[in-house]
Amino acid sequence: MRKALESPVPPKRKSPPPRKSVLEPVKGFIDAMLREDLDAPAKQKHTIPRIMERLAAEHDFELARQTTVWEYVSKRRPQIRAEALDGRRHLDGMVPQAKRPGEEAEVDSADFWLDLAGQRRKCVLFTLRLSYSGKAVHRVYATASQEAFLEGHVEAFTVLGGVPSVHIRYDNLKPAVKQVLFGRSRLESARWASFKSWYQFSAFYCAPGEDGAHEKGGVEHEGGRFRREHLVPPPEVDSLAELNERLAAIDVAEGARHIHGRPTSLGFDFEAERERLRPLPADGYDCGIDLTPTVARNSRITVRQCYYSVPAKFIGTKVRVKLRANELWVFDGRKVVARHPQLTRRYTYHGILDHYLEILLVKPGAFAGASALAQARAEGGFTKVHEAFWAAAEEEGRRPRGHPDADRGAAAPPAAGRGTGRGDGDLPADRVGLHRPGRHRGPQGDGGHRRGRCRAAGRCRRGARRLRAAGSGAQVISLHARRLPPDLRQALPDMSKYGRLLSPVAGRDSQTQKGSGA
């Protein structure tokens, strides 16, 4: 009663003294294990069961439960890490930067998926972003090769109309860096050093790992934003050139976009920055690689373990190849005789049916099972008009002798493939026709006709009627009227001396015959 009269507020209840933890005898040993984990590999650090096993085996301690050890370790581990970093650690944060117009840019690449000609493929999105205005250029390439890396720069410099005057920030990517040295020093590839000298800019290499990504956070964010907004769902295109045209239009339309926190648009800031860029050199830079493979008997060349067809007249010779980021060009002197999309999977093949016309002239039976024909059908180069002609040729070939139309050959459609006429000589694709051997008797007889030498192919009217019915205005001629190109191979050696091996000669000192022994 006396205490209540003295103060209406009851006194604070005395708390009992803290109870000692059951881990008190072994806390020092647990701390020692956690300090060992500071230098241990990421996947070889102490777990709670392992700590309990060591306490039982080394210190004969089994009084604590797993929950008690977990509570202590979860509080003590970050404290030990902070004690180890005390005096030499830095705070995790960022310092806002004020960029000057036309001085800096950032480059990054990111993987994404698309449906290319009906097949799901992984490609690379190249992004170059100016640090001041935020103007970015995006291009898609089949691989992250050095050719694609250089071509992406050339495309970006052309769109921007200039080159940053100070430097461009990069990761330690393989097309540019051969070896990471001490600090910011890097051992660069020779071609990359030549490219930088051509456009007169410097490269700023970020720190390796996750810390380096924060040094070019602008392009890191830009690549993810562009992929989420414009490449979801995966685009469906027939070629990478078509997709790049689409991305170029998107880059132009994004000039009206406002970056968060800026009162002016991206295009407005870029117009002020364009004048500060270093002008482009007078001549462009050739980003492709020159190769000289030999054309095999199957009219194919091998480039980076992939196979491409070339016109059959080059069999046995070396051709000059220009390997670009997304394409492969084959040259005859200065003339491009074949163009293929670059293949990325080893041992794959891309062929054009027009390249095999010279061989099909003398081997028409190989046409039905040709791999180039199957690919032309899959890509749509062998159209319904071509199929109609082929069906007519098959029907004409099955007609018996003496049929009213047996003396009329069947003409095949214009040379199939890409419809450009490249690689099939001087005649365009809409003037070349394949003649299916029939059974009518030509100037050289049935045998000559079966060997594809019939001279009456130009008078075969049945195929021409089918072509007119299909609505095509192409002119069909026979291939015999077209002269074959000169054979560039060396003349075959004289084999007459080897004929003696076919007629054995009797030996002088024996009754055996040369060439007839076992």
Side-chain angles (χ1 to χ4, degrees), residues 78 81-82 85-112 125-139 149 152-153 156-157 159-173 176-177 180-186 196 199-232 247 250-278:
R81 187 184 300 110
L85 296 176
D86 188 19
R88 59 184 180 88
R89 64 173 180 153
H90 64 276
L91 296 176
D92 291 334
M94 60 170 294
V95 179
Q97 302 289 302
K99 304 295 183 180
R100 295 182 180 180
E103 290 189 352
E104 296 185 26
E106 301 169 350
V107 168
D108 192 28
S109 59
D111 296 336
F112 77 101
L125 175 65
F126 174 90
T127 304
L128 187 145
R129 179 183 182 272
L130 294 177
S131 301
Y132 172 76
S133 64
K135 171 67 175 178
V137 179
H138 307 86
R139 291 296 183 270
F149 181 66
H153 281 79
F157 294 158
V159 172
L160 299 176
V163 183
S165 58
V166 178
H167 60 237
I168 303 177
R169 295 176 180 264
Y170 297 95
D171 287 331
N172 301 284
L173 62 174
V177 176
V180 178
L181 304 178
F182 181 76
R184 302 281 180 180
S185 301
R186 303 292 186 268
K196 292 195 308 174
Y199 284 97
Q200 299 181 0
F201 70 92
S202 300
F204 180 92
Y205 296 106
C206 301
E210 184 178 354
D211 294 338
H214 300 301
E215 296 182 356
K216 56 180 186 65
V219 72
E220 294 279 353
H221 171 76
E222 170 63 24
R225 179 202 67 84
F226 191 88
R227 182 170 50 187
R228 290 189 299 270
E229 292 186 6
H230 303 291
L231 299 177
V232 176
L247 298 188
I250 294 175
D251 290 340
V252 174
E254 284 198 334
R257 184 172 64 89
H258 282 254
I259 298 179
H260 178 71
R262 294 189 183 182
T264 55
S265 65
L266 187 149
F268 182 86
D269 294 338
F270 173 65
E271 291 300 327
E273 187 176 22
R274 187 198 299 267
E275 302 175 355
R276 306 291 184 89
L277 296 173
R278 179 174 296 160

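All values derive from a computational prediction rather than experimental measurement.
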Value rounded to 0.5 Å, distance of [atom1] in [X] from [atom2] in [Y]:
X      : Y      : atom1 : atom2 : result
Leu247 : Leu125 : CG    : CG    : 7.0 Å
Ile168 : Tyr199 : CD1   : OH    : 11.0 Å
Glu220 : Glu215 : CD    : CD    : 11.0 Å
Leu128 : Leu160 : CG    : CG    : 6.5 Å
Phe112 : Arg228 : CZ    : CZ    : 15.0 Å
Ile250 : Glu229 : CD1   : CD    : 10.0 Å

- Do you know the tightest heavy-atom contact between Gly134 and Ile259?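 In this case the closest contact between Gly134 and Ile259 is CA-CD1, 4.0 Å.
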- If you take all heavy atoms of Phe149 and Ala176, which pair is closest and at what distance?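 Of all heavy-atom pairs spanning Phe149 and Ala176, the closest is CE2-CB, 4.1 Å.
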Before accepting this row, confirm whether a basic side-chain N of the pair [X]/[Y] lies closer than 4.0 Å to the acidic partner's carboxylate O.
X      : Y      : result
Glu103 : Arg276 : no
Asp269 : Lys135 : no
Arg139 : Asp251 : yes

- Query: So Glu106 and Ser131, side-chain contact (heavy atoms from CB on, under 4.5 Å) or not? Walk me through it.
  - Reply: CA-CA 7 Å; Glu106 301 169 350; Ser131 301; 3.9 Å; yes
- Query: Do any N or O atoms from the side chain of Asn172 and from the backbone of Cys206 form a donor-acceptor pair under 3.5 angstrom?
  - Reply: yes
- Who passes ring-ring contact (aromatic ring centres under 6.0 Å, His included) against Phe204, sequence neighbours left out? His167
- Task: Apply the test side-chain contact (heavy atoms from CB on, under 4.5 Å) to residues Val107 and Lys216: give CA-CA distance (whole Å), side-chain angles for both, the deciding distance (0.1 Å), then the verdict.
- Result: CA-CA 8 Å; Val107 168; Lys216 56 180 186 65; over 6 Å; no
- Message: Below 30° counts as parallel, above 60° as perpendicular, anything between as tilted: where do the rings of Phe201 and His153 land?
- Response: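 If you compare the ring of Phe201 with that of His153, the planes turn out parallel.
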According to side-chain hydrogen bond (donor to acceptor under 3.5 Å, both in side chains), who are the partners of [X], at least two apart in sequence or on a separate chain?
X      : answer
Ser133 : Glu273
Ser165 : none
Gln200 : none
Tyr132 : none

- Message: Restricting to side chain to side chain contact (heavy atoms under 4.5 Å, CB included), what partner residues turn up for Glu222, sequence neighbours left out?
- Response: Thr127, Arg129, Ala136, His138, Arg225, Phe226, Glu254, Arg257
